[in-house]
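The structure appears right after this line, and notes come after that.
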Amino acid sequence: MKNVKEYMALPYNYIIQPINDESGFYFYARILELDGCQSTGETFEEAYKNLREAMEGWIEAKMEGGFEIPLPVGYEHFSGKFLVRIPKSLHYKLAVEAEQEGVSLNQYAVYKLSR
């Protein structure tokens, strides 16, 4: 079992977004893998600092409660392959468009998804 400091050193995915709503302008920050671990700040740097403090408290609380702490998700966990079921009509349309472009259906699907 890791301690709080060891978890804090892991490469978690930090998401910090500028928000402009009825509350005004601020930055909203969260840790992708730690559900509910979030904070805000008036600047990017403040949001990051506040998120690190929130993360430490979040991890401490989960450990005290006996809960498992999720580990960071990195690219090595993904193969680059996934299966998607689509309607026959869409499959047909994409296959025809790929043929017209002179590429494989996989290449065409990657192109369409990346747009």
Side-chain angles (χ1 to χ4, degrees):
M1 178 182 267
K2 297 181 185 320
N3 63 36
V4 174
K5 188 174 184 176
E6 289 172 317
Y7 280 110
M8 294 291 293
L10 294 175
Y12 284 99
N13 291 283
Y14 294 69
I15 299 170
I16 303 177
Q17 301 170 285
I19 304 291
N20 194 5
D21 61 16
E22 63 279 351
S23 302
F25 183 81
Y26 60 96
F27 288 85
Y28 169 71
R30 66 186 176 98
I31 304 292
L32 179 66
E33 297 88 349
L34 307 180
D35 189 34
C37 182
Q38 59 191 4
S39 192
T40 61
E42 291 185 18
T43 65
F44 183 95
E45 293 77 15
E46 182 181 29
Y48 175 80
K49 178 183 164 286
N50 292 344
L51 183 59
R52 291 285 297 175
E53 290 174 9
M55 181 181 180
E56 187 172 359
W58 190 97
I59 292 169
E60 286 173 352
K62 293 294 181 180
M63 290 178 80
E64 288 171 7
F67 294 99
E68 184 177 330
I69 312 294
L71 294 174
V73 176
Y75 288 120
E76 65 277 358
H77 293 100
F78 298 94
S79 67
K81 177 173 70 171
F82 70 100
L83 177 65
V84 178
R85 302 250 182 242
I86 59 175
K88 288 180 183 180
S89 59
L90 179 57
H91 188 176
Y92 172 78
K93 179 180 182 261
L94 292 172
V96 168
E97 290 174 3
E99 180 69 29
Q100 290 172 341
E101 292 294 323
V103 297
S104 72
L105 180 56
N106 279 343
Q107 288 175 314
Y108 193 68
V110 168
Y111 165 73
K112 294 294 263 185
L113 287 168
S114 66
R115 294 181 70 207

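Starting from 1, each residue takes its place in the sequence as its number.
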Side-chain heavy atoms under 4.5 Å apart, restricted to Ile/Leu/Val/Met/Phe/Trp/Tyr: what other residues fall into the cluster of [X], or is it alone?
X: Leu83; answer: none
X: Phe82; answer: Val84, Ile86, Leu90, Leu94, Val103, Leu105, Tyr108, Tyr111, Leu113
X: Leu32; answer: Ile15

If every non-hydrogen atom of [X] is compared with every non-hydrogen atom of [Y], which pair is closest and at what distance?
X: Ala54; Y: Ser39; answer: CB-CB, 4.4 Å
X: Arg52; Y: Met8; answer: NH1-O, 3.1 Å
X: Leu51; Y: Cys37; answer: CD1-O, 4.0 Å
X: Pro72; Y: Pro11; answer: CB-O, 3.3 Å

Report task. Any pair with a residue in residues 96-107 that passes salt bridge (charged side-chain N to carboxylate O under 4.0 Å, His left out), sequence neighbours left out, goes on the list, sorted by first then second residue, please. Result -> Lys93-Glu97
**Report entry** Qualifying residues under salt bridge (Lys or Arg N to Asp or Glu O under 4.0 Å), relative to Glu68, sequence neighbours excluded
**Finding:** none
Query raised in the report: Which pairs with one or both residues in residues 27-50 pass ring-ring contact (aromatic ring centres under 6.0 Å, His included), sequence neighbours excluded?
Result: Tyr14-Tyr48, Phe25-Phe27
Query raised in the report: Is the number of heavy atoms from other residues, nucleotides or ligands under 6.0 Å of Gln17 CD greater than 12?
Result: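 Yes, the 6.0 Å shell around CD holds more than 12 heavy atoms from other groups.
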Query raised in the report: Hey, is the main chain of Val4 close enough, under 3.5 Å, to the side chain of Glu56 for a donor-acceptor pair?
Result: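 Answer holds: no.
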**Report entry** Donor-acceptor pair, side chain of Trp58 and main chain of Asp35, under 3.5 angstrom
**Finding:**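 Yes, the answer is positive, given that a donor and an acceptor are paired below the 3.5 Å cut-off.
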Query - Sole residue of Asn20, Asp21, Thr40 in side chain to side chain donor-acceptor pair (under 3.5 Å) with Tyr26 - result: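 Answer to the side chain to side chain donor-acceptor pair (under 3.5 Å) test with Tyr26 among Asn20, Asp21, Thr40: Asp21.
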**Report entry** Electrostatic pair Glu45:Lys49 at N-O distance under 4.0 angstrom
**Finding:**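 So Glu45 does not pair with Lys49 through a salt bridge.
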What distance separates [X] [atom1] from [Y] [atom2], expressed to the nearest 0.5 Å?
X: Asn13; Y: Arg30; atom1: CG; atom2: CZ; value: 10.0 Å
X: Lys5; Y: Ile59; atom1: NZ; atom2: CD1; value: 13.5 Å
X: Glu53; Y: Asn50; atom1: CD; atom2: CG; value: 5.5 Å
X: Glu33; Y: Leu71; atom1: CD; atom2: CG; value: 9.0 Å

Query - Chi angles and distances behind the side chain to side chain contact (heavy atoms under 4.5 Å, CB included) call for Leu34, Lys62 - result: CA-CA 10 Å; Leu34 307 180; Lys62 293 294 181 180; over 6 Å; no
